[in-house]
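The block underneath contains the structure these notes are about, expressed in structure tokens.
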Amino acid sequence: MQWNGILANTLTYPFLLKACSCLQMVEMIHTQIEKNGFLGDIFVPNALIDNYSRFGGLGIKAALRLFTVMEHRDVVSWNSMIGGLTKVGELREARKLFDEMPEKSIITWNTVLNGYVKAGEMEEAFQLFESMPQRNIVSWSTLVMGYSKAGDMDMARVLFDEMPVKTSVPWTIIISGYVEKGFTKEAIELYDRMERNGFKLDDGTVISILAACAESGSLAVGLKVHDSIERLKFRCSVAVCNTLVNMYAKCGSLDKAWSVFNGMSKRDVVSWNVMLQGFAMHGHGREALCVFERMKKEGFKPDRVTFIGVLCACSHAGFIDEGIQCFYAMEKDYGIVPEIEHYGCMIDLLGRGERLKEAFMLVNTMPFVPNAVIWGTLLGACRLHGATELAEKVLDHFKLDRMDPGNYSMLANIFAAAGDWDGVATVRLQMKSVGVQKPSGASSIEIDNEVHEFTVFDRSHPNFDSIYGMVHRLAQDLKRVAHPKDATLPVEVGELVI
DNA sequence: TTAGGGTTAG
């Protein structure tokens, strides 16, 4: 087979398959392989199974068909098939094959263990782990990972401490776990211990921990990692710098993000995107657009993510017309076809700018079936501007997932904003009758290495009174600045009306 | 063929 002038053979097929970006390409090469009689060499069908498995349910079906007709299978064929099934969530099927498999390798066990862990089935995972004839560092790490993701840091820690041998991977897993769950102190302690034990920093460790910091807003750990990067003169790759910029931006330290960004000797499109997004999410629309301009001037090609940042910046800063212009420019000047996410930004932009009718029209004319997020954005805008009539119209189109708890509460919020308490009651009743429970959203802030979490109706914080008193005063001040005439109206702080 | 990895609207 000729592929870009190269004659494919047993050795090149796996590489060709790896380069496939869609199922059709794999199928095409599969046909060629069969025609040229290369299926007999075990490497080739194994690579086919592996690469079919990358493309969801349809890919798995094709892989299974091939697996079933294979005359010879080796351990890798079985492992790839089982791994593919676990990746698409077909755990039961994977387990069936696992049980049928004549001679399992440790990788087979680890693959199924990973399947249970990814599905959050920790009881099954633990049972399997216990019954393993032998375990290696991957088995232990997988289980630590599972408990860590499930939020059971105690169990994760017990296993971590019991691990006979450690590499930087399990250290990274447990530290990231502590960071994500807000256990800053434990994270820092372990990070110090990891350094003392002589583990050198690597890209994976730094990126994982910083990503966890960005996710949970843990600036303290982020600073710690940045400090050791500088102290140890760790040579930062572009990816590491990007994560660092992102961490500072997400933790609200825009000046630090900006200084790391400006100190980078090499940047890629992601560097620009994280910086732009950082400014945008904190309401610095003008700065975000400046980054966008500079990015173009320095010859970087904006991508789909860039435009999400740009539109978001325009939306949060109230640059409605600039946003509309950018939206049209993205396809015309950059050849990027807007995706549903970009339409979402536009609906948010128009909605926030009180151009609700245009937002509504865009929902109805865009080339996508509106999803719950799109309707939610529009309903949110109706709520923001108290547009009950349009909200009703939206509700006529309310063909979204009835089980999505967020949408019910959004609906209830619109009614509440409009003072329609019967409406609120009806939605609440509906929620009860279909058995929807809304998981409460939480916000958190880190002060002196301690993360404080707040959820609606939760008055358990020891400083509840003074904290909410201050929030109330701030809200009053903001209101006074924004709407001097309404300064005496009651202020809504979350679910509390004070 | 098995464990950790940056950006994506509300």
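We name chains A, B, ... by the order of the sequence lines, and we start the count at 1 in each one.
Distances from the side chain of T205(A) to the nucleotides dG10(B), dT1(B), dG4(B) place dG4(B) closest. Distances were taken from every side-chain heavy atom of N273(A) (C-beta onward) to each of dA3(B), dG10(B), dT7(B); the shortest belongs to dT7(B). For I107(A), the side-chain atoms get nearest to dT1(B) when compared with the rest of dG4(B), dA9(B), dT1(B). Looking at the side chain of V270(A), the nearest of the listed nucleotides dT7(B), dT2(B), dT8(B) is dT7(B). Side-chain proximity of D202(A) to the nucleotides dG10(B), dG4(B), dT1(B) is greatest for dG4(B). Distances from the side chain of S208(A) to the nucleotides dT8(B), dT1(B), dG5(B) place dG5(B) closest. Checking dA9(B), dT7(B), dA3(B) against every side-chain atom of C312(A), the shortest atom distance belongs to dA9(B). With dG10(B), dT1(B), dT8(B) as the candidates, the nucleotide lying closest to the side chain of D348(A) is dG10(B).
Residue pairs meeting the side-chain hydrogen bond (donor to acceptor under 3.5 Å, both in side chains) criterion with at least one partner in residues 275-291 of chain A, sequence neighbours excluded, do not occur; the list is empty. Listed by first and then second residue, the side-chain hydrogen bond (donor to acceptor under 3.5 Å, both in side chains) pairs that reach into residues 59-73 of chain A come to none, sequence neighbours excluded.
At the heavy-atom level, D268(A) lies under 4.0 Å from base atoms of the strands shown. Among the protein residues, N246(A) comes within range of the sugar-phosphate backbone only, with heavy atoms under 4.0 Å from sugar or phosphate atoms but none that close to a base. As judged by a 4.0 angstrom heavy-atom cut-off over every strand, T172(A) is placed among the base-contacting residues. Using a 4.0 Å heavy-atom cutoff across all strands shown, I49(A) reaches no nucleic acid atom at all. Using a 4.0 Å heavy-atom criterion, one finds that S315(A) contacts no nucleic acid atom at all.
A cation-pi contact links R267(A) to F261(A), judged by a cut-off of 6.0 Å to the six-membered ring centre and 45° from its axis.
A straight line from CE of M122(A) to P of dA3(B) spans 15 Å, rounded to a whole angstrom. We find that CZ of F300(A) is positioned 15 Å from C1' of dT7(B), with the value rounded to whole Å. Here the P atom of nucleotide dG10(B) and the CG atom of L350(A) are 14 Å apart, to the nearest Å. One can place CG of N51(A) at 12 Å from C1' of dT1(B), the figure rounded to the nearest angstrom. Per the geometry, CE belonging to M330(A) stands 16 Å off P belonging to dT8(B), to the nearest Å. The distance from atom NZ of K250(A) to atom P of dT7(B) is 6 Å, rounded to the nearest whole Å.
Contact of T142(A) with dA3(B) (side chain to base): no donor-acceptor pair of N or O atoms is detected under 3.5 Å.
Close to dA3(B), at under 4.0 Å from its OP1 or OP2, lies no side-chain N or O of N110(A). Applying the 4.0 Å criterion to OP1 and OP2 of dG10(B), one finds that H316(A) has a side-chain N or O inside that range. Taking only side-chain nitrogens and oxygens, K118(A) comes nearer than 4.0 Å to OP1 or OP2 of dG4(B). The phosphate of dT7(B) (OP1 or OP2) has no side-chain N or O of R304(A) nearer than 4.0 angstrom.
The shortest heavy-atom contact between I188(A) and K224(A) is CG2-CD, 3.8 Å.
The aromatic rings of F307(A) and Y334(A) are tilted relative to each other, their planes meeting at an angle between 30° and 60°.
Test W272(A), W258(A), F292(A) against F279(A) for ring pair (Phe, Tyr, Trp, His ring centres under 6.0 Å) and you get one pass: W258(A).
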